[in-house]
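Have a look at the structure below before the remarks.
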Amino acid sequence: MTEETTIKERIFERYHIPMPIYNVVEYVAAWARKFSIWPIHLVTGCCSPEFMQVSGSRFDMERLGILPFASVRQCDCIMIVGVLSRKMAERVKYLYDQMGEPKYVVSVGACPTGMGPFFDSYSIVRADEVVPVDVYIPGCPPRPEAIIHGMMKLQEKIRKEVKIGARSR
Amino acid sequence: MMNPYSLILSLFMLLETKVSILPSASLVQTGISHLKASLNFSPLDFIWSFLTVNAKPLIQILVIPGLAFILVFAIIAVWFERKFLARAMLRVGPYYCGRKAGVLQLFADFLKLFFKEIIIPVDAERILFLLMPILLPTIPSLTIILIPFASDWILFRAGSLSLPIFFAIAGLAPLIPIFSGWASNNKYTIIGGFRAAFLYISAEIPLVICAAAVAIMAGSFDLVGIVERQKNIWFAIPQILGFLIFFIGLIIEAERTPFDVPTAEVELVLGWRTEYSGILFGFTMMAEYCNFLGWSLLLITLYLGGYNGPDLFGNSLYSSMFWILMKLAILVSIVILLRTVFPRFRMDQTLRLGWHYLTPLSVLNLFIVLALKTWGYPL
């Protein structure tokens, strides 16, 4: 398997920009990405009341800089909230393709994580059969604290993947 | 404005540095050295003298009311809006980004947008699609150069043409949502663009009539003259009707929330800015606040006494700037408060407001002003 490089890495190699500057740029970008995750929500099931509460007054998600958004093009993160049928899975793939590059997926609830109560259904798929999932939030439904904990885990992941150079696209 | 001779001299200086490297061009070099002896400058001296001679226009272009002021206004206004909205909804708002109260939140957002991928749709008209977000903040920023921040602190002194020029430049703004909506080649963007055009048309006519009433009352089209006539009493007091119409028209022009029909999130995805991703979307957001800034500065100049105010620091320049910025801050927070209070108007409701109520009322305001003028109100 050939080693993949990012466009940024290629630009830095081509113009002979030294590695420390590249690291600083990556660090700053990761800091910015960490504190401004704009999620779009794909709400199909009954986890949605818990999800609504996350941006409500008691569990305020905007403290972390997470701003729920209406349009896909500007977003960084899909939150799949609720059960994914086979027909809906196509739409998830479509949404994922429409987003710009540093993009993350969070599966909220038992259904997109591991099919949950519909484990023996013929028409339900897991989220990671369709798109690469970054954070799984279990629970049926997960409490708002659990969702915020999951988003903090995503922030941690964004910070760490710069350190070890895990994101290769 | 900038001294044209100094621009020519700076070009000449560039030429000189290039030519003096070449040994063969002796003829040119002697000519240059002759000039050098006669003008007696070295590059450093030249730069220093350029900076000192043109200090005022440079500060006006770069700091206030130029680039830095517009950028800082956009950043502070968006941060304040998010925080204020959150407090009105009993939330905390941005908190963890930065030392205190999420002050670095907007820098994080901007940097993230800067490092994000820009997607150009296959069907889009590439050149227009990429050009429009650059034009977007430029046109509202051009209107700001006409606003007097103090009696002698104007970037572009247009004299008695300044009010017509303001409306001429601001009248270009509706073209851009239409063009960008058309260039994106998406049904939501096209609907949003045409909605924006409808809104601008319905708001611009009452705005122009109100501004004409102000010009009649002040007796001049010059923004400085209009401000000077408000030394004793603000025009908002005799023309309270015109002031309210102008205020509503400002909110419609700036696409703020009670009238944000072109970017209605529930009906059209994000209106005419649906397809813009990454930093292009950042430009469209900045343009919204630039537009808002330009119109609210005009409102302050026409109705709220502009830079007039009691002398605080013993220096008329500083105190006038302080007063105009204070008035701006209060106006901006009132408009943000309206966003928290009111739901969105429908498209037809907004148009009916514009055509059926604001336009006749502004004509009535014009007649009131004419009556006051004939009875000799402002003597």
Side-chain angles (χ1 to χ4, degrees), chain A residues 6-8 11 22 24-41 52-77 95-104 144 148 151-152 155-156 158-159 162 167 169, chain B residues 78-79 81-83 85-98 101-121 124 184 186 188-189 192 260 263-285:
Chain A
T6 62
I7 297 169
K8 252 181 284 173
I11 290 169
Y22 174 75
V24 167
V25 169
E26 275 288 89
Y27 187 82
V28 170
W31 173 81
R33 228 174 275 155
K34 177 187 165 186
F35 277 115
S36 94
I37 302 169
W38 292 356
I40 186 162
H41 46 273
M52 287 169 207
Q53 193 52 40
V54 164
S55 38
S57 58
R58 191 154 178 183
F59 310 93
D60 183 17
M61 201 161 61
E62 207 184 347
R63 285 177 301 160
L64 304 169
I66 298 169
L67 187 70
F69 226 73
S71 171
V72 208
R73 286 267 190 248
Q74 293 87 18
C75 288
D76 313 295
C77 168
L95 272 186
Y96 186 76
D97 291 341
Q98 279 185 326
M99 273 200 299
E101 192 19 70
K103 52 189 171 187
Y104 306 92
I148 287 180
M151 295 313 281
M152 286 165 79
Q155 287 188 328
E156 223 172 85
I158 293 169
R159 207 56 181 267
V162 169
R167 195 164 191 89
R169 251 186 316 133
Chain B
V78 180
W79 174 81
E81 180 171 358
R82 281 176 75 171
K83 206 71 185 165
L85 222 65
R87 296 311 296 168
M89 296 171 183
L90 301 180
R91 291 189 286 122
V92 180
Y95 190 73
Y96 287 110
C97 186
V103 282
L104 295 181
Q105 182 61 52
L106 261 293
F107 292 94
D109 282 341
F110 180 78
L111 276 173
K112 185 212 70 176
L113 286 173
F114 192 77
F115 285 114
K116 206 163 164 55
E117 184 186 3
I118 292 171
I119 299 171
I120 302 171
S184 307
N186 179 334
Y188 297 117
T189 58
D260 65 339
T263 54
E265 284 182 1
V266 188
E267 302 153 26
L268 318 168
V269 179
L270 256 188
W272 51 269
R273 52 180 78 145
T274 302
E275 292 286 349
Y276 286 116
S277 62
I279 194 65
L280 299 182
F281 178 69
F283 281 142
T284 61
M285 286 307 285

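No experiment lies behind these values; they were computed from the predicted model shown. Order of the sequence lines fixes the chain letters, A, B, ..., with proteins taken first and strands second; residue numbering starts at 1 for each chain.
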Highest number of heavy-atom pairs under 4.5 Å with chain A among B:Arg82, B:Glu275, B:Arg91 belongs to B:Arg91
| query | Is it true that the NZ or CZ of A:Arg159 lies under 6.0 Å from the centre of A:Tyr27's six-membered ring and within 45 degrees of the ring axis? | reply | yes
* Does B:Lys116 make a cation-pi contact with A:Trp38 (under 6.0 Å, within 45 degrees of the axis)? -> no
Of B:Thr189, B:Leu280, B:Thr284, the one forming a side chain to side chain contact (heavy atoms under 4.5 Å, CB included) with B:Arg273 is B:Thr284
So, the part of A:Phe59 with a heavy atom under 4.5 Å from chain B: the answer is neither
Counting heavy-atom pairs under 4.5 angstrom with chain A, the leader among B:Gly98, B:Pro121, B:Pro94, B:Gly102 is B:Pro94
Under 4.5 Å to a heavy atom of chain A? For B:Leu113 that would be side chain
Bottom line for B:Ile119: the part with an atom under 4.5 Å from chain A's heavy atoms is side chain
Between the side chain of A:Arg33 and the main-chain N/O of A:Ile37, is any donor-acceptor distance below 3.5 Å?
no
Sub-3.5 Å donor-acceptor pair from the side chain of A:Asp60 to the main-chain atoms of B:Gly93, do we have one? yes
Under 4.5 Å to a heavy atom of chain B? For A:Met99 that would be backbone
